[in-house]
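Scroll down for the structure; my scribbles are underneath it.
All values below come from the heavy atoms of this structure, side chains included, with hydrogens, waters and symmetry mates left out. Keep in mind it's a predicted model, so treat the numbers as computed, not measured.
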Amino acid sequence: MDLVRHLRYFIAVAEELHFGNAAIRLGMAQPPLSQRIKRLEEELGARLFDRSARQVRLTETGRLLLGEARELVARADRLHELARQGRGTVLRVGVPPDLAATVIAALVARFRETHPEVRLAPAEIWTADQVTALAEGTIDVGLVRHPVSAPGLRFGEILVQVQGVLLPDGDPLTGAGEVHLADLAGRELLMPPKEGEPGLHAEVLAACRRHGYVPPQVHQGAGLGLVLAGAAVAFGPEVEAPGLAWRPLLGSPIASRVSTAWRGETAAAGDFSAVAVRTLKESAGMTDEGAVPTRRVSRRPGMLA
């Protein structure tokens with residue numbers, strides 16, 4: 001058992017006195033959090049919380065251990081910080097696994113130009129896992145998708161990337177100038193994993209329903225193999241790839257909202273955030289939130305409200 005990680009979970013629940021709120025703060029689901037607290041209690045041989053349907057309270061043992069837990073976690077963080085200092089300044093950055101490689105390369109190159117003394121260490125992590133990693137101190141700054149709820153995090157400027165639809169070559173809709181979401185009826189949809197991007201997942205499917213598209217099945221993954229195979233469609237920015245066709249969506253109903261996120265006062269994270277905003281605007285075609293023009297989407301017979 002990773003004792004320090006489990007102590008972080010214990011501290012979050014002890015401070016929130018609510019498993020649901022603690023799970024949101026840690027960027028994880030409530031059942032796994034409850035299981036890990038139970039595992040810690042079994043390891044220590046003592047109950048840490050009194051649980052009821054109405055409230056969660058620290059036991060006397062829990063109150064005695066809370067201060068020690070905070071000190072142990074602080075010491076572990078200090079050890080990691082000293083290790084980073086010993087090998088030079090390293091900024092550990094979380095990025096979505098489906099972010100284009102060219103964009104990641106541009107981020108690293110641009111940051112190196114302006115901050116040659118800092119080495120970027122990117123790791124491909126979905127938003128929910130980034131929130132947990134930020135809380136645990138295993139990354140310093142993340143590039144997250146909204147909506148995301150995580151008390152204690154600071155967010156940089158939110159940028160918006162309008163999404164079109166990726167279709168397999170030969171799909172009848174590839175001949176259209178713009179595709180209405182309702183035109184995708186009957187086609188299965190490929191999206192990032194729900195556990196990794198819960199906010200985006202819910203927001204996109206809600207937009208689909210509003211505009212008359214209810215996918216018969218939603219697949220989860222980062223690659224586009226299912227689209228290439230003609231088994232699904234996906235939403236994303238414009239790309240050129242053999243076997244794929246990209247078409248804009250009428251009315252721009254689907255968009256990805258992205259920002260940097262970090263915890264505490266970290267100068268390097270703030271510097272990275274500024275570089276990320278410029279790079280994402282130039283290399284990924286993102287724009288300021290609120291600057292995306294919206295067009296009226298005509299209601300079709302049978303469309304959902």
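Panel note: side chain Thr59, backbone Arg47; a donor-acceptor pair is recorded below 3.5 Å. With Arg63 contributing its side chain and Leu58 its backbone, the two residues share a donor-acceptor pair below 3.5 Å. For Ser283 (side chain) and Leu280 (main-chain N/O), no donor-acceptor pair under 3.5 Å exists by modelled atom type. Between the side chain of His18 and the main chain of Asn21, a donor-acceptor pair closer than 3.5 Å is present. Using modelled atom types, one side-chain atom of Gln130 and one backbone atom of Leu143 make a donor-acceptor pair closer than 3.5 Å. A distance-only check finds no donor-acceptor pair linking the side chain of Arg92 to the backbone of Val141 [under 3.5 Å]. The backbone N or O of Ala133 sits less than 3.5 Å from a side-chain atom of Thr138, completing a donor-acceptor pair. Checked by atom type and distance alone, the side chain of Thr61 never pairs as donor or acceptor with a backbone atom of Leu48 at under 3.5 Å. Of the possible donor and acceptor atoms, none in the side chain of Ser273 sits under 3.5 Å from a partner among the backbone N and O of Ala269. Looking at Glu157, its side chain never comes within 3.5 Å of a backbone N or O of Asp288 through a donor-acceptor pair.
No side-chain heavy atom of Val227 sits under 4.5 Å from any side-chain heavy atom of Val233. Here the side chains of Phe111 and Val93 are not in contact, with every heavy-atom distance at 4.5 Å or above. Side-chain contact between Ile158 and Val258 is absent, with no heavy atoms from C-beta onward closer than 4.5 Å. Counting only heavy atoms from C-beta outward, the side chains of Leu167 and Arg247 approach each other to under 4.5 Å. Between Gln55 and Arg57 the shortest side-chain heavy-atom distance falls below 4.5 Å. No side-chain heavy atom of Val218 sits under 4.5 Å from any side-chain heavy atom of Lys194. The shortest distance between side-chain heavy atoms of Trp246 and Val165 does not fall below 4.5 Å. Side-chain contact between Asp169 and Leu244: absent, with no pair of heavy atoms (C-beta onward) separated by less than 4.5 Å.
In this structure, Leu64 is not a member of the same hydrophobic cluster as Phe10, with clusters built from ILVMFWY side-chain heavy atoms closer than 4.5 Å. By the rule that hydrophobic residues join a cluster once side-chain heavy atoms approach within less than 4.5 Å of another member, Val144 and Val103 end up as members of separate clusters.
Ser256 contributes atom OG, which lies 6.0 Å from atom CG of Leu200 (distance to the nearest 0.5 angstrom). Between the CG atom in Leu65 and the CD atom in Glu60 there is a gap of 10.0 Å [rounded to 0.5 Å]. Expressed to the nearest 0.5 Å, how far OH of Tyr213 lies from CD1 of Ile254 amounts to 10.0 Å. With rounding to the nearest 0.5 angstrom, the OG1 atom of Thr132 is 6.0 Å from the CE atom of Met28. Taking CG from Asp271 and NE2 from His115, the interatomic distance works out to 3.5 Å, rounded to the nearest 0.5 Å. One finds the CG atom of Leu184 at 12.0 Å from the NE2 atom of His211 (value rounded to the nearest 0.5 Å).
Shortest non-hydrogen contact noted between Arg263 and Ala135 is NE-CA, 3.7 Å. Between Trp126 and Pro193, the shortest heavy-atom distance links the atoms CZ2-CD, 3.3 Å. Considering every non-hydrogen atom in both Thr174 and Pro168, the closest pair reads CG2-O, 3.7 Å. Here the closest non-hydrogen pair linking Ala22 and Leu33 is CB-CD2, 3.8 Å. Across all non-hydrogen atoms, the minimal contact from Leu134 to Gly142 is CD2-N, 4.3 Å. In this structure, Val56 and Phe49 approach most closely via the heavy-atom pair CG1-CD2, 3.8 Å.
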- Message: One pair to check against side chain to side chain contact (heavy atoms under 4.5 Å, CB included): Ile37 and Arg51. What are the steps and the verdict?
- Response: CA-CA 12 Å; Ile37 292 297; Arg51 306 165 177 83; 3.3 Å; yes

- Message: One pair to check against side chain to side chain donor-acceptor pair (under 3.5 Å): Glu197 and Thr127. What are the steps and the verdict?
- Response: CA-CA 6 Å; Glu197 300 288 346; Thr127 293; 2.8 Å; yes

- Message: Would Glu136 and Tyr9 count as a side chain to side chain donor-acceptor pair (under 3.5 Å) here? Give the steps.
- Response: CA-CA 9 Å; Glu136 295 178 350; Tyr9 300 143; 3.3 Å; yes

- Message: Leu91 vs Arg119, test: side chain to side chain contact (heavy atoms under 4.5 Å, CB included). Steps then yes/no.
- Response: CA-CA 6 Å; Leu91 190 67; Arg119 181 174 68 85; over 6 Å; no

- Test Glu71 against Arg75 for salt bridge (Lys or Arg N to Asp or Glu O under 4.0 Å), laying out the working first. CA-CA 6 Å; Glu71 184 175 342; Arg75 286 179 177 272; 3.4 Å; yes

- Phe235 vs Leu189, side chain to side chain contact (heavy atoms under 4.5 Å, CB included): CA-CA, chis, key distance, verdict: CA-CA 8 Å; Phe235 300 126; Leu189 178 63; 3.7 Å; yes

- Can you check side chain to side chain contact (heavy atoms under 4.5 Å, CB included) on Gln220 and Met191, steps first, answer last? CA-CA 5 Å; Gln220 302 180 45; Met191 292 185 65; 5.7 Å; no

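Annotation: Phe155 is in aromatic contact with His146 [ring centroid separation under 6.0 Å].
Salt-bridge check for Asp2 with Arg36: failed, with every basic side-chain N at 4.0 Å or more from each acidic carboxylate O. Ion pairing of Arg39 with Glu43 is present here, as a side-chain N (NZ or NE/NH1/NH2) and a carboxylate O approach within less than 4.0 Å. Comment: Arg70 engages Glu15 in a salt bridge, judged by a side-chain N to carboxylate O separation of less than 4.0 angstrom.
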